[in-house]
Amino acid sequence: MLNREIINWYEFNKRDLPWRNTTDPYKIWISEIMLQQTQVVTVVDYYYRFINRFPTIKDLAFADENEVLNLWQGLGYYSRARNLHQAAKSVVADYNGVFPDSFEEILKLKGIGVYTASAIAAFAFHLPHAAVDGNVNRVLSRIYGVSESTNSPNGKRVFQSLAEELMSDAPPHIYNQAIIEFGALQCTPKNPSCDSCPLQVQCFAYINKQQDAFPVKKKKVKITDRYFYYLFIYSDDQFLLQQRGDRDIWRKLFEFPLIEANNKLELVDLIKTKEWLSVFKDSKLEITNHISRKVHKLSHQNLHIEFVHIKVETSDLNKFESILLVDKESVAGYPMPRPIEMHLASL
DNA sequence: AAGGCGGGGCC
DNA sequence: GGCCCAGCCTT
């Protein structure tokens, strides 16, 4: 009856979210990809814009990749957008544009793992798959007092099995939404609302006052420091932009010409670097200002970013071969990482 | 099994 | 400042 209590809680407490008012697997897919490691409040606006621009999977499949990335700009984890685009193409090619309706076929699509395949199978096709995400892990580990780590292979089996057992014969699309929403709103990571929780008497963590002990801690990631010096090289109406490679972070996104150093540099030292001198050998340059030191934090890197403004003659801008020359009015056509976007917006 | 990959909200 | 989030892919 535990699942009934969670579903009952859900009916009274659920949020009205746009992707809950459809059974279109395409829309549900888009929402699930956006929601990976991303909170609901962040996703909503992106979801509307994306669906509005690409109402069907064919619209997405035939789109230009830069436009897809552009709609993703600021949402992070850009591989999600590239995989989404690739998967849309393969659905059009292999399934005539009709989203596959079995768990196994859905799981084959690029960017879709066990969680997302289960979610789509349950929400769009009402198939009995338990979608186990961070919320579900937290709820189950607290209720049952599971000490297994949630990301170990054995832990995944344990939680998947517990979730399916708990679902029992409840409607999959309702049960999954309910337990996920319960984790997001009631059984939160910090300061869970145990005082108003209908599951108190059945919850191992509450009974033993160990809410903070579950789920078990995952290993910490090592954070590395990197130092980025972005050169904003501009004339009256144009500036330079280059595209990042396909290794490293922010693959294929556009940014200002970059000098990366192993540690902090002073402006004087920066000007002395060979790279710098060779680029500007024949140009008259003028460092107009030197602003905005900031630290941009990624999940595994701290980027110490400094923007250096350099005004040059329009004729000199044309000397930079292999670097894009962009009109200040057309920045919207280039998907950029957050710090670049923010800097341009602040000018 | 571990590392890479964004950005924002919250305490 | 650290933790967490509707994870997945590559090595």
Side-chain angles (χ1 to χ4, degrees), chain A residues 14-15 17-20 28-47 69 72-84 86-87 106-123 129-139 149-156 159-160 163 173 176-185 187-192 212 214-224 226 244 246-253 294-303 305 335-342:
Chain A
K14 66 181 174 186
R15 294 167 287 185
L17 302 175
W19 44 87
R20 287 192 180 143
I28 289 169
W29 171 47
I30 300 300
S31 75
E32 287 301 333
I33 300 298
M34 287 185 171
L35 286 161
Q36 287 169 6
Q37 299 294 291
T38 310
Q39 299 193 338
V40 166
V41 60
T42 307
V43 166
V44 172
D45 288 343
Y46 283 91
Y47 173 80
L69 283 170
W72 209 266
Q73 180 173 279
L75 201 50
Y77 284 134
Y78 299 94
S79 292
R80 294 186 294 176
R82 284 184 288 269
N83 291 338
L84 204 58
Q86 184 178 332
I106 297 171
L107 185 59
K108 288 180 186 170
L109 296 174
K110 192 81 169 172
I112 296 186
V114 172
Y115 163 77
T116 305
S118 301
I120 296 172
F123 299 150
H129 289 270
V132 180
D133 71 340
N135 291 307
V136 175
N137 282 328
R138 187 170 57 255
V139 172
S149 99
T150 55
N151 56 352
S152 69
N154 191 51
K156 286 180 184 173
F159 284 99
Q160 186 72 40
H173 60 295
N176 282 302
Q177 290 283 8
I179 189 168
I180 290 169
E181 188 81 333
F182 184 80
L185 299 183
C187 195
T188 51
K190 299 277 176 65
N191 303 329
D212 291 340
F214 300 100
V216 285
K217 316 264 185 198
K218 301 163 190 171
K219 273 186 181 172
K220 278 180 80 173
V221 259
K222 192 192 173 203
I223 310 260
T224 58
R226 300 173 72 178
R244 290 185 66 83
D246 54 7
R247 291 274 173 193
D248 215 356
I249 59 172
W250 299 334
R251 276 161 41 190
K252 297 296 183 187
L253 299 194
K294 58 175 290 188
V295 181
H296 185 80
K297 292 174 178 298
L298 307 183
S299 58
H300 57 305
Q301 296 177 9
N302 288 336
L303 307 181
I305 298 177
M336 303 173 215
R338 200 52 143 182
I340 302 295
E341 180 200 357
M342 299 293 284

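Lettering follows sequence order; numbering is per chain, from 1.
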DNA chain B nearest-nucleotide lookup for Leu253(A) and Pro153(A): closer to the 5′ end is Pro153(A)
In whole angstroms, how far is the P atom of dC10(B) from the CG atom of Leu185(A)? 12 Å
Any side-chain heavy atom of Ile179(A) within less than 4.5 Å of one from Asn135(A)? no
Take the protein atom CG of Asn151(A) and the nucleotide atom C1' of dC8(C), then report the distance between them rounded to whole Å. 13 Å
Any side-chain N or O of Tyr77(A) below 4.0 angstrom from OP1/OP2 of dC5(C)? no
Compute whether any side-chain donor of one residue and acceptor of the other, for Arg80(A) and Asn83(A), lie under 3.5 angstrom apart. no
Between dG6(B) (P) and Ile33(A) (CD1): distance, integer Å: 15 Å
Can you find a heavy atom in the side chain of Glu181(A) that is under 4.5 Å from one in the side chain of Arg20(A)? yes
Selected nucleotide, minimal atom distance to Arg138(A) side chain, candidates dA6(C), dA1(B), dC3(C): dA6(C)
Starting at atom CD1 of Ile112(A), determine the distance to atom C1' of dC8(C), rounded to an integer number of angstrom. 11 Å
Specify the separation, in whole Å, of atom NZ of Lys252(A) and atom P of dC5(B). 15 Å
Say we look at dA6(C) and dG3(B): how far apart would their P atoms be, to the nearest angstrom? 24 Å
So, is Trp72(A) close to the dG7(B) phosphate, meaning a side-chain N or O under 4.0 Å from OP1 or OP2? no
Measure from CG on Leu107(A) to C1' on dC9(C) and round the result to the nearest Å. 13 Å
To the nearest angstrom, the OH-C1' distance between Tyr46(A) and dA6(C) comes to 17 Å
Using a cut-off of less than 4.0 Å, is there contact between a side-chain N or O of Thr116(A) and OP1 or OP2 of dC8(C)? yes
Taking 4.0 Å as the cut-off, does a side-chain nitrogen or oxygen of Arg338(A) come that near to OP1 or OP2 on dG8(B)? yes
In whole Å, I'd like the distance from the CG atom of Leu75(A) to the P atom of dG7(C). 13 Å
With nearest nucleotides of DNA chain B determined for Gln39(A) and Gly76(A) from heavy-atom distances, which residue corresponds to the more 5′ nucleotide? Gly76(A)
Asn137(A) side chain to Thr150(A) backbone, donor-acceptor under 3.5 Å: no
In terms of heavy-atom contacts, His173(A) and Gln177(A) come closest through O-CG, 3.1 Å
Ignoring backbone atoms, establish whether Arg80(A) has a side-chain N or O less than 4.0 Å from OP1 or OP2 of dG6(B). no
Counting side-chain heavy atoms from C-beta on, which of dG7(B), dA6(C), dC11(B) comes nearest to Gln177(A)? dA6(C)
Quick one: label Asn176(A) by what it contacts on the DNA or RNA (base, sugar-phosphate, nothing), any heavy atom closer than 4.0 Å. nothing
